[in-house]
Q: 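To start, I am sharing the structure in question, which I have written as structure tokens.
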Amino acid sequence: MVTLKKKSYYAADGTIDPGLWLEKTGAGSHLKNRELICRAIQIADTTCKGLTTFYGQPCIEQSLDMADILLDMRLDDDSIAAAIMTGTLQHTTLSLDAIENALGTPVAKLVGNILKLNTLNQLHGSGSRDKTQLDRLRKIFLAMVSDIRVVLIKLAERTCLMRGIKQINPVERKRIAEETMDIYAPLANRLGIGQLKWELEDAAFHYTHPETYKTIATFLAERRVDREERIHQTIQKLEEALTNAHIKATINGRAKHIYSIYRKASRKQFDYAGIYDYSAVRILVPTLEDCYTALSLVHALFEHIPDEFDDYISHPKPNGYRSIHTAVIGSDGKHLEIQIRTNDMHDEAEHGVAAHWIYKEDKTLQSGYETKITFLRQLLAWHKDVQKQETTPGEPLHDSLDDTVYVFTPAGDIIDLPKGATPLDFAYHIHSAVGHRCRGAKIKGHIVPLTYKLNTGDQVEIITTPTGTPSRDWLRRDAGYLYTSRARAKVAHWFKQQDLQQTARTEKENNEREISRSRTDQEETPFPPLRPGVKPPDKMDIAGIHDLLTRIAKCCKPVPGDDVIGYITLGRGVSIHRRDCQTMAAHFSRDTSRLIEVAWDSQKSGSYYVDLHIQADGQRELLKEITSLLANAKIDLITLNSTISKKNNTIYLVMTIQIHDLAELKSIIQQIGQLPKVMDVRRMNT
């Protein structure tokens with residue numbers, strides 16, 4: 001853990017002395033506009049007088065601690081002022097306009113962008129630690145900023161928070177620690193900022209695994225005297241050898257970070273005593289050549305362990321880390337790790353050049369995301385060289401990077417959509433039924449038109465009607481309702497189904513009118529006999545022997561195993577119907593001479609469409625369960641339409657599936673009927 005600096009910048013009257021603070025930090029020599037920093041401190045001191053953070057630290061001290069961290073990273077004047085104002089704005093009614101008037105537009109813009117990221121904390125706190133969601137949350141963190149300084153200020157803010165939460169409620173403390181371990185520590189690692197990564201990891205580990213943390217800390221404390229003596233002797237030998245070789249080196253020893261020891265012990269299944277490199281000696285030299293000269297001297301002084309040698313200079317880690325690591329056996333027979341790097345490499349390892357977040361998380365590369373990180377790396381490299389002032393800070397990222405927007409559901413889940421997507425695209429991404437019934441949308445609680453272009457960070461709430469249907473206008477590209485091809489396909493499919501159903505209804509209505517005109521006083525039966533005196537022809541196979549064309553009737557969609565009958569059409573061959581088909585009843589009553597006995601061809605097989613109607617109580621997980629049943633049974637789902645009644649919380653599904661015979665149909669109907677929420681499932685009749 002980093003030791004907090006003593007707060008010795010108060011004047012005699014209890015106010016902050018900006019000049020004294022800058023003098024005490026000893027890290028602001030690169031600043032070009034110290035007057036800007038002094039004004040920011042005075043505004044914060046006056047505005048925050050008597051106020052404390054929720055964990056009890058004076059607000060002004062939190063602001064200055066954030067600025068202190070950023071000064072160590074040599075960030076520019078605007079960044080330091082923005083950090084001071086960020087802490088102030090969170091605890092007072094000070095407005096962004098007031099900050100802009102007092103400190104300028106660049107500072108106010110930075111503060112505004114930082115405040116936007118605060119919504120991520122709330123959303124993560126209400127969600128789970130699902131890996132996919134966390135990965136999206138980390139991406140959205142970066143997607144919401146076009147200036148790397150915003151990320152660094154946010155990391156400094158989180159570091160101050162972790163330093164101060166020791167006394168708060170343990171449950172809330174653990175939640176904050178988990179959030180830190182999930183988002184902020186990996187982000188610091190992703191950007192190669194070692195000094196913050198280690199502190200955030202150790203602080204979070206302290207609160208997420210307190211007993212393990214205590215065990216490792218005790219283990220290190222018990223060996224402190226021996227460790228310090230061994231390191232002291234090793235440093236003396238190395239200093240003498242390097243001096244004789246005319247290499248100006250800085251050598252120091254340290255204990256490894258607690259979380260690092262825990263990870264290594266878990267990964268290699270050691271107990272803590274079995275980790276030989278829990279302490280290390282670091283050699284900093286001026287040049288690359290000096291690194292390898294120092295390595296040869298180390299191996300000449302001590303017996304090295306070949307299996308524990310890593311040259312991260314020739315082969316840097318994916319997050320840009322460069323150093324030589326070697327393990328040796330000391331004069332006391334114990335192992336010791338020695339790290340060798342240049343001063344510039346050490347500065348990069350501590351402050352970062354922005355690099356590879358994915359390194360320790362085993363994630364796959366994603367081109368657009370990785371490209372954005374490359375730009376962030378370039379921005380951070382510029383910030384590490386602020387003294388040159390050759391590039392304008394806050395330069396926006398290239399437009400081609402912004403190909404995705406990340407938005408939130410009301411429950412806090414993250415949805416990624418192509419840039420240009422609308423609330424209607426969002427609705428169809430959630431579910432076709434939500435899209436069909438969508439009539440409006442709210443972004444962060446405010447009504448927006450359905451043509452509104454979603455932005456990263458928007459929280460989207462869809463307004464629906466119980467029985468709504470899509471509009472054909474949604475398919476007009478010039479209207480701007482839909483951007484994604486997926487949503488457009490769902491709307492087009494709905495209208496195609498409506499056209500098919502309308503055609504079927506029209507045919508049925510025509511048949512019913514004919515039945516009404518030809519109805520007699522005789523009682524009708526759905527299974528009328530053939531006309532007396534007419535001898536039926538021999539039975540025919542549906543497959544079409546005797547060169548007769550056969551087709552399956554769309555009205556009743558018979559399948560192998562159904563009791564069927566044929567109807568000789570005019571010019572279209574034999575139409576095959578189920579005997580209980582109501583459409584056939586109309587034909588029976590008029591002319592039985594065109595009926596023909598048929599049978600299924602047992603030697604041939606095929607696939608047949610069947611319509612099912614399902615009624616269920618509620619909708620939670622139902623579609624997932626049904627599609628899972630169909631997939632397990634290797635039955636294709638052709639179409640699906642759903643209607644939800646909010647009045648009685650009932651969902652009605654009409655689906656077309658493709659099956660091979662009646663036995664398969666009965667089996668899947670039985671399986672669907674056994675689902676807990678399904679009230680009724682049946683094959684549809686005309």
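All of these numbers come straight from a predicted model, not from anything done at the bench.
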Q: Stepwise, does the side chain to side chain contact (heavy atoms under 4.5 Å, CB included) test hold for Leu454 with Val460?
A: CA-CA 9 Å; Leu454 297 175; Val460 187; 3.9 Å; yes

Q: Between Arg683 and Leu662, is there a side-chain heavy-atom distance shorter than 4.5 Å?
A: yes

Q: Over all heavy atoms of both residues, which pair between Pro423 and Val448 is shortest? Give the atoms and the distance, please.
A: CG-CG2, 4.2 Å

Q: Has the side chain of Asn632 got a donor or acceptor atom that lies under 3.5 Å from a matching backbone atom of Ser628?
A: yes

Q: About how many Å separate CD1 of Ile668 and CG of Leu612, when rounded to the nearest 0.5 Å?
A: 8.5 Å

Q: Let me confirm one number: the SG-CZ distance from Cys581 to Arg578, rounded to the nearest 0.5 Å.
A: 7.5 Å

Q: What I want to find out is whether Lys557 reaches Asp611 closely enough, with some N-O distance under 4.0 Å, to be called a salt bridge.
A: yes

Q: Would you say the side-chain atoms of Asp425 pair up with the backbone N or O of Tyr483, donor to acceptor, closer than 3.5 Å?
A: yes

Q: State, with a plain yes or no, whether a side-chain heavy atom of Ile114 is found less than 4.5 Å away from one of Val150.
A: yes

Q: For the OG atom of Ser95 and the CG atom of Leu89, what is their distance to the nearest 0.5 Å?
A: 8.0 Å

Q: Of all heavy-atom pairs between Ser607 and Gln658, which one has the smallest distance, and what is that distance?
A: CB-NE2, 3.4 Å

Q: If you compare all heavy atoms of Thr484 against all heavy atoms of Ala421, which two are closest, and at what distance to 0.1 Å?
A: CG2-CB, 4.4 Å

Q: So, Gln671 and Ser667: side-chain donor and acceptor under 3.5 Å apart, yes or no?
A: yes

Q: Could you tell me which non-hydrogen atom of Ile99 sits nearest to which non-hydrogen atom of Ala108, and how far apart they are?
A: CG2-CA, 4.1 Å

Q: Begin from the C-alpha positions of Tyr608 and Trp600 and carry the test ring pair (Phe, Tyr, Trp, His ring centres under 6.0 Å) through to its verdict.
A: CA-CA 13 Å; Tyr608 301 86; Trp600 295 102; 5.8 Å; yes

Q: In the structure I gave you, are the side-chain heavy atoms of Ser642 and His431 within less than 4.5 Å of one another anywhere?
A: yes

Q: For the residue pair Arg579 and Asp563, establish whether any side-chain heavy-atom pair is separated by less than 4.5 Å.
A: yes

Q: Looking only at heavy atoms, what is the nearest atom pair of Val598 and Gly566, with distance?
A: CG2-N, 3.7 Å

Q: Let me confirm one number: the OG-CG distance from Ser432 to Asn641, rounded to the nearest 0.5 Å.
A: 8.5 Å

Q: For Thr650 and Met679: C-alpha separation, side-chain torsions, deciding distance, then whether side chain to side chain contact (heavy atoms under 4.5 Å, CB included) applies.
A: CA-CA 9 Å; Thr650 300; Met679 297 182 289; 3.8 Å; yes

Q: Step by step, would you call Glu157 with Lys154 a side chain to side chain contact (heavy atoms under 4.5 Å, CB included)?
A: CA-CA 5 Å; Glu157 178 188 58; Lys154 197 68 181 174; 2.9 Å; yes

Q: Apply side chain to side chain contact (heavy atoms under 4.5 Å, CB included) to the pair Leu622 and Val678, showing each step before the final yes or no.
A: CA-CA 8 Å; Leu622 177 63; Val678 172; 3.9 Å; yes

Q: Before accepting this row, confirm whether a basic side-chain N of the pair Arg158/Glu179 lies closer than 4.0 Å to the acidic partner's carboxylate O.
A: yes

Q: Can you spot which of Met655, Lys496, His493 makes a side chain to side chain contact (heavy atoms under 4.5 Å, CB included) with Thr639?
A: His493

Q: Taking Ile638's backbone N and O only, do any of them form a donor-acceptor pair with Asp636's side chain (distance below 3.5 Å, no angle check)?
A: no

Q: Any side-chain heavy-atom pair from Leu450 and Thr422 closer than 4.5 angstrom?
A: no

Q: Looking at every heavy atom in both Ile153 and Ala82, which two are closest together, and how far apart are they?
A: CD1-CB, 4.1 Å

Q: Got more than 12 heavy atoms from elsewhere within 6.0 Å of OH, Tyr481?
A: no

Q: So Tyr652 and His613, would you call those rings parallel, tilted or perpendicular, with 30° and 60° as cut-offs?
A: tilted

Q: Is the side chain of Lys490 donor-acceptor paired with the backbone N or O of Tyr428 at a distance under 3.5 Å, no angle test?
A: yes

Q: Look up atom CZ in Arg488 and atom CH2 in Trp474, then write down how far apart they are to the nearest 0.5 Å.
A: 12.5 Å

Q: For the side chain of Gln459 and the backbone of Thr409, is there at least one donor-acceptor N/O pair under 3.5 Å apart?
A: yes

Q: Below 4.5 Å, heavy atoms only, C-beta onward: do Ile626 and Ile614 meet side chain to side chain?
A: yes

Q: For Lys666, does its backbone N or O pair with a side-chain atom of Gln670 as donor and acceptor, under 3.5 Å?
A: no

Q: Report the distance from atom OG1 of Thr465 to atom CZ of Arg439, rounding to the nearest 0.5 Å.
A: 4.5 Å

Q: A side-chain contact here means heavy atoms from C-beta on lying under 4.5 Å apart; do Asn455 and Ile443 qualify?
A: no

Q: Heavy atoms, side chains only, cut-off 4.5 Å: are Arg551 and Val574 in contact?
A: no

Q: Would Arg472 and Phe495 count as a cation-pi pair here, with the cationic atom under 6.0 angstrom from the ring centre and within 45° of the axis?
A: yes

